[in-house]
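One structure below.
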Protein chains: 2
Amino acid sequence: MSQSDTVSRILDAAEVLFAERGFTETSLRTITSTAGVNLAAVNYHFGSKKELIQAVFERFLTPFTETLAAELDRRVAGGESLEVEELLESLYRGGLASLVAEGRDPQRFMRLLGLAYTQYQGHLRRFIVSRYGDSYRRFAGLLSQALPGLDPVTFYWRLYFMLGATIFTLSSFDAIEAILREDFGAPSSLPETLDRLVPAAAALLRAGE
Amino acid sequence: MSQSDTVSRILDAAEVLFAERGFTETSLRTITSTAGVNLAAVNYHFGSKKELIQAVFERFLTPFTETLAAELDRRVAGGESLEVEELLESLYRGGLASLVAEGRDPQRFMRLLGLAYTQYQGHLRRFIVSRYGDSYRRFAGLLSQALPGLDPVTFYWRLYFMLGATIFTLSSFDAIEAILREDFGAPSSLPETLDRLVPAAAALLRAGE
DNA sequence: CATCAATTTAAACGCTTGTTTTGATCTGGC
DNA sequence: GCCAGATCAAAACAAGCGTTTAAATTGATG
């Protein structure tokens with residue numbers, strides 16, 4: 001299976017380089033030489049750079065949303081309605097666990113998610129919304145149920161505040177961690193940071209109660 | 001003063017285009033033709049594209065931090081120590097007011113700030129930290145005083161959570177607002193969104209009390 | 001073993017990028 | 001009125017980009 005070998009070598013290299021530098025700043029030549037494959041392989045196997053970018057996202061977002069769905073199923077089956085903290089735990093640990101399980105770096109995906117939001121790549125936003133919109137809406141619906149009495153517009157703004165705090169912080173995890181380690185000498189691990197993030201995000205969502 | 005006219009025409013065009021598409025995705029040719037000046041003018045007046053990017057940031061960050069400093073001075077002079085909400089108001093309204101006063105679009109600067117964080121431009125991060133680090137540290141110090149009893153590492157993580165929620169949300173304000181308007185028919189203004197953000201961010205910072 | 005499609009390779013394509021160069025033009029002080 | 005220095009303009013520069021082509025290589029099938 002030398003084909004899928006080339007394909008995954010390209011995906012591995014592209015994933016790392018995109019997360020480090022962004023899409024436009026990463027050339028196909030850098031990707032293919034890092035992957036140790038011929039330059040033309042990207043266009044042969046993926047068609048174009050755009051489609052390579054989408055393939056990189058698909059490879060981590062699909063297991064991410066599947067694990068999140070399974071996690072939510074498991075908790076919903078438990079019976080009573082879910083608490084905000086449980087939903088955040090499902091999102092953070094469940095989703096991330098799927099990546100850790102595959103031996104991949106979770107911070108890298110947070111960086112890619114951050115890039116997907118901020119970079120000027122209309123096709124990427126469209127791709128993600130059309131492919132993973134259902135997962136997002138399910139999560140948002142459950143979270144909304146866990147916050148009764150909140151008017152819908154306020155709820156959605158707070159949902160975006162929460163996502164902003166999450167994606168933004170975790171996508172810069174390494175940089176922030178380095179600063180705090182220098183200033184306080186205390187290293188922070190990703191799980192520890194999620195321990196801090198869950199109650200803070202829950203308080204943000206519940207503000208004023 | 002035809003020189004400073006050319007300079008500011010370039011800065012105006014670059015500011016808008018950078019905010020729309022990012023730095024790498026905006027060519028000097030697009031900037032100069034939008035500004036109606038010669039291509040070589042950028043290298044003549046700014047030296048390089050890098051220095052143009054820094055000049056764009058300097059032009060809005062300097063009044064931003066000056067207004068924030070004046071706002072903090074005013075409130076500190078009031079006597080008793082500041083509440084979290086007052087500090088957030090100073091940051092959001094004070095800083096933004098300086099831009100609105102000059103007839104500039106505040107969301108554009110939030111987009112630029114978001115880009116500065118996520119894009120692969122080491123020189124920009126270094127430039128901003130070295131030039132505006134003092135303002136940041138003063139604000140962080142006052143905020144820390146308003147949250148007594150919080151251990152420093154947790155405080156700093158929450159500060160980043162708050163900045164993430166703010167920058168991330170406001171930099172995508174137009175996109176989020178469009179979605180909410182479509183789903184609920186209710187348009188949100190920036191001041192209204194800040195009214196929602198202040199208590200939510202305060203709750204995030206105070207979580208667990 | 002021959003065949004044929006799938007894959008890999010090297011080379012080149014056309015285009016865009018940031019930057020530099022070389023003159024022309026403008027502007028203010030003597 | 002003239003000259004020096006600042007500014008502008010047109011053109012070219014080398015380098016890098018994504019993509020395409022066409023030939024070589026591979027590996028499984030009849």
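Residue numbers begin at 1 in each chain, while the letters A, B, ... track the order of the sequences.
A/Arg158 places a side-chain N or O within 3.5 Å of a backbone atom of A/Leu205 that can act as its donor or acceptor partner. Distance alone, capped at 3.5 Å, places no donor-acceptor pair between the B/Thr30 side chain and the B/Thr26 backbone.
Side-chain contact between A/Thr6 and A/Tyr44 is absent, with no heavy-atom pair separated by less than 4.5 Å. Taking 4.5 Å as the limit, every side-chain heavy atom of B/Phe155 sits out of range of all side-chain heavy atoms of B/Asp151.
Applying the 4.0 Å criterion to OP1 and OP2 of C/dA6, one finds that A/His45 has every side-chain N and O outside that range.
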Report each atom pair, protein N/O against N/O of nucleotides 11-18 of chain C, whose distance is under 3.5 angstrom.
residue: C/dT17; atom: OP1; partner: B/Ser27; partner atom: OG; Å: 3.3
residue: C/dG18; atom: OP1; partner: B/Lys49; partner atom: NZ; Å: 2.6
residue: C/dG18; atom: OP2; partner: B/Leu28; partner atom: N; Å: 2.9
residue: C/dG18; atom: N7; partner: B/Arg29; partner atom: NH1; Å: 2.8
residue: C/dG18; atom: O6; partner: B/Arg29; partner atom: NH2; Å: 2.8

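Between the CZ atom of B/Phe46 and the C1' atom of D/dA6 there is a distance of 16 Å, given to the nearest Å. As a whole-Å value, the separation of A/Glu51 CD from D/dT19 C1' is 13 Å. The CZ atom of A/Arg9 sits 13 Å away from the C1' atom of C/dT8 (whole-angstrom rounding). In this entry the distance linking OH of A/Tyr44 with P of D/dA24 reads 18 Å, nearest Å.
Under the rule for a salt bridge (Lys or Arg N to Asp or Glu O under 4.0 Å), B/Glu66 has no partner lying at least two apart in sequence or in another chain.
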B/Tyr156 and A/Phe184: CA distance, side-chain angles, deciding distance, side-chain contact (heavy atoms from CB on, under 4.5 Å) verdict: CA-CA 10 Å; B/Tyr156 271 99; A/Phe184 302 108; 3.5 Å; yes

